[in-house]
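Accompanying notes for the structure given below.
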Amino acid sequence: MDLGLNHKVVAVAAASKGIGKAIAMRLAVEGAVLGICSRSQDDIERVAKEIQFQTGTQVLPIKADLTQ
């Protein structure tokens, strides 16, 4: 599927697990450059490395609590 996201910058919140992680991974597969965030620094860095390794795309992990 080509969503036309190649080299587009996309932000994904709550991306360290579950639906957020799956969305981030799919966007990376489509060629998007990602900014991903989570409340846990360790979790979001781990996911960023995983996405980068599997897709080769750039991923910026950000620790952020969007409830505040």
Side-chain angles (χ1 to χ4, degrees):
M1 174 182 336
D2 183 6
L3 299 175
L5 297 174
N6 200 32
H7 303 292
K8 302 286 184 182
V9 178
V10 179
V12 181
S16 66
K17 50 186 126 174
I19 293 172
K21 180 180 175 184
I23 290 169
M25 182 63 77
R26 185 63 198 170
L27 291 168
V29 167
E30 290 293 325
V33 176
L34 300 176
I36 59 175
C37 69
S38 171
R39 291 180 291 178
S40 168
Q41 185 73 39
D42 291 339
D43 289 346
I44 204 64
E45 286 180 4
R46 177 186 44 77
V47 170
K49 288 177 185 173
E50 180 181 336
I51 292 171
Q52 287 172 332
F53 178 76
Q54 291 185 18
T55 68
T57 195
Q58 288 181 283
V59 183
L60 174 64
I62 302 165
K63 179 185 177 204
D65 183 349
L66 300 179
T67 63
Q68 298 182 14

Which residues pass the side-chain contact (heavy atoms from CB on, under 4.5 Å) test with Leu60, sequence neighbours left out?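 Per chain and number, Leu60 pairs via side-chain contact (heavy atoms from CB on, under 4.5 Å) with Ile62.
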Taking side-chain contact (heavy atoms from CB on, under 4.5 Å) as the test, write out the residues that go with Ala48, two or more places apart.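 With sequence neighbours excluded, Ala48 shows a side-chain contact (heavy atoms from CB on, under 4.5 Å) to Ile36, Val59, Pro61, given in chain and number order.
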Linked hydrophobic residues, Phe53 as query - side chain contacts closer than 4.5 Å: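 Result for Phe53 is none, singleton.
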Test question: given the 4.5 Å side-chain rule for I, L, V, M, F, W and Y, name all other residues clustered with Leu66, or answer none.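 Once heavy-atom contacts under 4.5 Å are chained together, Leu66 still belongs with nothing else.
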How many angstroms lie between CE in Met25 and OG1 in Thr55, if you round to the nearest 0.5 Å?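 These two atoms lie 6.5 Å from each other.
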Taking side-chain hydrogen bond (donor to acceptor under 3.5 Å, both in side chains) as the definition, give me every residue that meets it alongside Gln41, ordered by chain and number, with sequence neighbours left out.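 In terms of side-chain hydrogen bond (donor to acceptor under 3.5 Å, both in side chains), with neighbours along the sequence ignored, Gln41 is linked to Glu45.
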Salt bridge (Lys or Arg N to Asp or Glu O under 4.0 Å) against Asp43, all qualifying residues, sequence neighbours excluded: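 For Asp43, the residues satisfying salt bridge (Lys or Arg N to Asp or Glu O under 4.0 Å) (neighbours in sequence not counted) are Arg46.
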Leu34 and Ala24: which non-hydrogen atoms are nearest, and at how many Å?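 Residues Leu34 and Ala24, closest heavy atoms: CD1-O, 3.2 Å.
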Distance-minimising heavy-atom pair for Ala32 and Val10: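 Heavy-atom minimum between the residues: CB-CG2, 3.8 Å.
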Tell me, which pairs form a salt bridge (Lys or Arg N to Asp or Glu O under 4.0 Å) where one or both residues lie in residues 27-37, sequence neighbours left out?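 Residue pairs with at least one partner in residues 27-37: Arg26-Glu30.
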Can you pull the salt bridge (Lys or Arg N to Asp or Glu O under 4.0 Å) pairs that have at least one residue in residues 55-68, sequence neighbours excluded?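 Every candidate salt bridge (Lys or Arg N to Asp or Glu O under 4.0 Å) pair involving residues 55-68 fails, so no pair, neighbours aside, qualifies.
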Only pairs under 3.5 Å count here: list side-chain donor-acceptor contacts from residues 12-23, not counting sequence neighbours, and write none if there are none.
residue : atom : partner : partner atom : Å
Ser16   : OG   : Ser38   : OG           : 3.2
Lys21   : NZ   : Glu50   : OE1          : 3.2
Lys21   : NZ   : Glu50   : OE2          : 3.4

